[in-house]
Amino acid sequence: MDTLRHVWRYLAPLAVIIVIALIPAPAGLEPHAWLYFAVFMGVIVGLILEPLPGAVVAMIGISIIAILSPWLLFSPQQLAQDGFRFTSKALSWAVSGFSNSVIWLIFAAFMFGTGYEKTGLGRRIALHLVRKMGHKTLFLGYAVMLSELVLAPVTPSNSARGAGIIYPIIRNLPPLYDSQPNGPSARSIGSYIMWMGITADCVTSAVFLTAMAPNLLLVGLMKSASGSALSWGEWFLGMLPLSILLILLVPWLAYVLYPPTLKAGEQVPKWAREELSAMGPLSGREKRMLVLMVGALLLWIFGGEYIDAAMVGYSVVALMLVTKIIRWDDIVSNKSAWNVFFWLASLITLATGLNNTGFIVWFGERLAHGLAGFPPLMVMIALIAVFYLLRYFFASATAYTSALAPMMIAAAMAIPGISLPVFCLMVGAAIGLGSILTPYATGPSPIYYGSGYLPTADYWRLGAIFGGLFLILLILTGLFWMPWVLG
């Protein structure tokens, strides 16, 4: 039975490709664009089912399209014009994603995260916050939120940040008060801390462009479809009021809606002091790391007009190597960074082809025709709400973004009156904030869900409450703040 399930994961993407390819191309769409879409959807199904790693699935899709490019990538008119040059053009398309600046920005951000980990700076910052604020349970919730917030700009994997750095620290806190998983004592303090861990991870994933890989994927999709993209500073400023509101509101709201029975205690600050004492004073590598990170953030926020964000990241990584914060072996051996680098580049390549074949334009026009007569503002709100709620059907933020974001961007581009930058920022924020909805929505979700402190009924109930609140606040921010900032 297990073998059949495994084989089914391999066969399902192929079945999707064959079924869609056998359907006649819709009116107004050229046959090669429809066949390209068939392979694209097969890749999306492969990303959802994961018979192979996501990067491998995407690269297989690109290989199929490049090899069959005379029938999938180019129209008959283009082939007649280019002759045998289509082979070099197909190769250029296949590797085009690796030249996208977004790819190098996220790769650099992964190296920043490596620096935080190798130097111990990230753990030190989190422990300091816990030591200062851990004497009251509510303040401990704010310490978890602030720890995530400090790490988020330079940790583009929310799994690495939430499950790799924050969770190993906060999982030690409940037992200090005899709050044990899977029992009545869980609610004394452990349940609140664990819910704050996953909620803080989702909130901070939306605050910064470099806080989550799908954010950068979205910007890459936007750039391939429209030629323009959101900068790091535009994302940060566009999200600023919502970010401040959520950072201040969420720990208190969780305290009210999921109240711990233990309100205060000194065990947590004592434990944090012991851990910091064991770490010793701030090392030279940590100091250098801190200076470089502050410099990078300042350039990302204020230097966008003078230097590209990816160039900032690339230069800082070089300085990290020169100052021996990280070693070349740390870069070579970083499997997570290389994995994201390849699948993100491959997915941007696939999205670019979807646009080049004319499918995105055709889809946008059809959608715009169907929505004609409705106010653009109403259409935008409806699209964001639908995109947000479809999160329930995806267990991967990457697959979710890859499958739905191109269509959402196409709709926004085709409907007059919708600001593409505002719409894309709202979509990007929805990717992170919507991750709170289910215990399988994003990488850290199963970790916190499996901690034993968050019963199934509680997780789904709180996910719906917080998810609904996040959606309402996101829409309000998109209506009244983001248009003013992004024009």
Side-chain angles (χ1 to χ4, degrees), residues 55 95 97-128 147-166 168 204 208-213 215-217 219-220 231-233 235-236 279-304 306-346 348:
V95 298
F98 294 94
S99 63
N100 192 299
S101 61
V102 171
I103 304 300
W104 292 101
L105 174 59
I106 194 171
F107 187 78
F110 262 101
M111 294 306 108
F112 297 172
T114 298
Y116 261 71
E117 179 185 353
K118 291 291 182 179
T119 62
L121 182 60
R123 175 177 169 81
R124 184 185 295 274
I125 291 171
L127 287 171
H128 269 296
S147 298
E148 278 270 357
L149 187 69
V150 171
L151 298 175
V154 292
T155 315
S157 168
N158 66 322
S159 296
R161 183 173 70 252
I165 299 177
I166 300 300
T204 57
F208 303 103
L209 175 61
T210 48
M212 192 178 187
N215 296 348
L216 290 146
L217 173 58
V219 171
S231 69
W232 199 97
W235 185 294
F236 175 74
M279 291 184 71
L282 199 69
S283 68
R285 291 175 70 208
E286 288 178 277
K287 292 176 183 177
R288 294 193 294 273
M289 183 72 201
L290 187 60
V291 170
L292 290 177
M293 288 307 94
V294 172
L297 289 174
L298 290 175
L299 287 172
W300 279 345
I301 297 172
F302 303 109
Y306 311 102
I307 183 170
D308 185 82
M311 194 68 250
V312 172
Y314 196 89
S315 301
V316 171
V317 171
L319 289 173
M320 289 169 66
L321 289 166
V322 170
T323 56
K324 298 183 179 181
I325 293 173
I326 60 174
R327 300 176 302 161
W328 180 247
D329 286 346
D330 294 325
I331 293 180
V332 174
S333 62
N334 194 322
K335 294 182 180 179
S336 297
W338 288 112
N339 178 55
V340 172
F341 180 81
F342 274 94
W343 70 246
L344 191 59
S346 300
I348 288 178

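All values reported here derive from a predicted model rather than from experimental measurement.
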What are the two closest non-hydrogen atoms of [X] and [Y], and how far apart are they?
X	Y	answer
Met111	Ala337	CE-CB, 3.5 Å
Phe112	Val317	CE2-CG2, 3.8 Å
Ile166	Ala126	CD1-CB, 4.5 Å
Pro153	Leu297	CB-CD2, 3.5 Å

Non-hydrogen side-chain atoms of Phe107 and Tyr314 separated by less than 4.5 Å: no

For residues 156-165, pull every pair meeting salt bridge (Lys or Arg N to Asp or Glu O under 4.0 Å), keeping only residues two or more places apart or in separate chains.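 Matches after skipping sequence neighbours: Glu148-Arg161, Arg161-Asp201.
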
Looking at [atom1] of [X] and [atom2] of [Y], how far apart are the two atoms once the value is rounded to the nearest 0.5 Å?
X	Y	atom1	atom2	value
Arg123	Tyr116	CZ	OH	15.5 Å
Ile326	Ile331	CD1	CD1	4.0 Å
Arg327	Ser333	CZ	OG	8.0 Å
Ile103	Leu217	CD1	CG	8.0 Å
Leu209	Leu216	CG	CG	4.5 Å
Leu121	Met279	CG	CE	8.0 Å

With sequence neighbours excluded, residues passing side chain to side chain donor-acceptor pair (under 3.5 Å) with [X]:
X	answer
Asn215	none
Thr210	Trp232
Thr114	Asn334
Ser315	none

Those residues at least two apart in sequence (or on a different chain) that pass ring-ring contact (aromatic ring centres under 6.0 Å, His included) with Phe98 are Phe341, Phe342

Residues that Trp343 engages under ring-ring contact (aromatic ring centres under 6.0 Å, His included), provided they are two or more places apart: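 Here no residue qualifies.
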
List, one per line, each side-chain donor-acceptor pair under 3.5 Å for residues 284-294, sequence neighbours excluded.
| from | atom 1 | to | atom 2 | distance (Å) |
| --- | --- | --- | --- | --- |
| Arg285 | NE | Lys324 | O | 3.4 |
| Arg285 | NH2 | Ile325 | O | 2.5 |
| Glu286 | OE1 | Arg124 | NE | 3.4 |
| Glu286 | OE1 | Arg124 | NH2 | 3.1 |
| Glu286 | OE1 | Ser283 | N | 3.0 |
| Glu286 | OE1 | Ser283 | OG | 3.2 |
| Glu286 | OE2 | Arg124 | NE | 2.7 |
| Arg288 | NE | Thr323 | O | 3.1 |
| Arg288 | NH2 | Thr323 | O | 3.2 |

Taking the ring centre of each residue, are Phe208 and Trp300 less than 6.0 Å apart?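 Ring-ring flag for Phe208/Trp300: false, centres at least 6.0 Å apart.
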
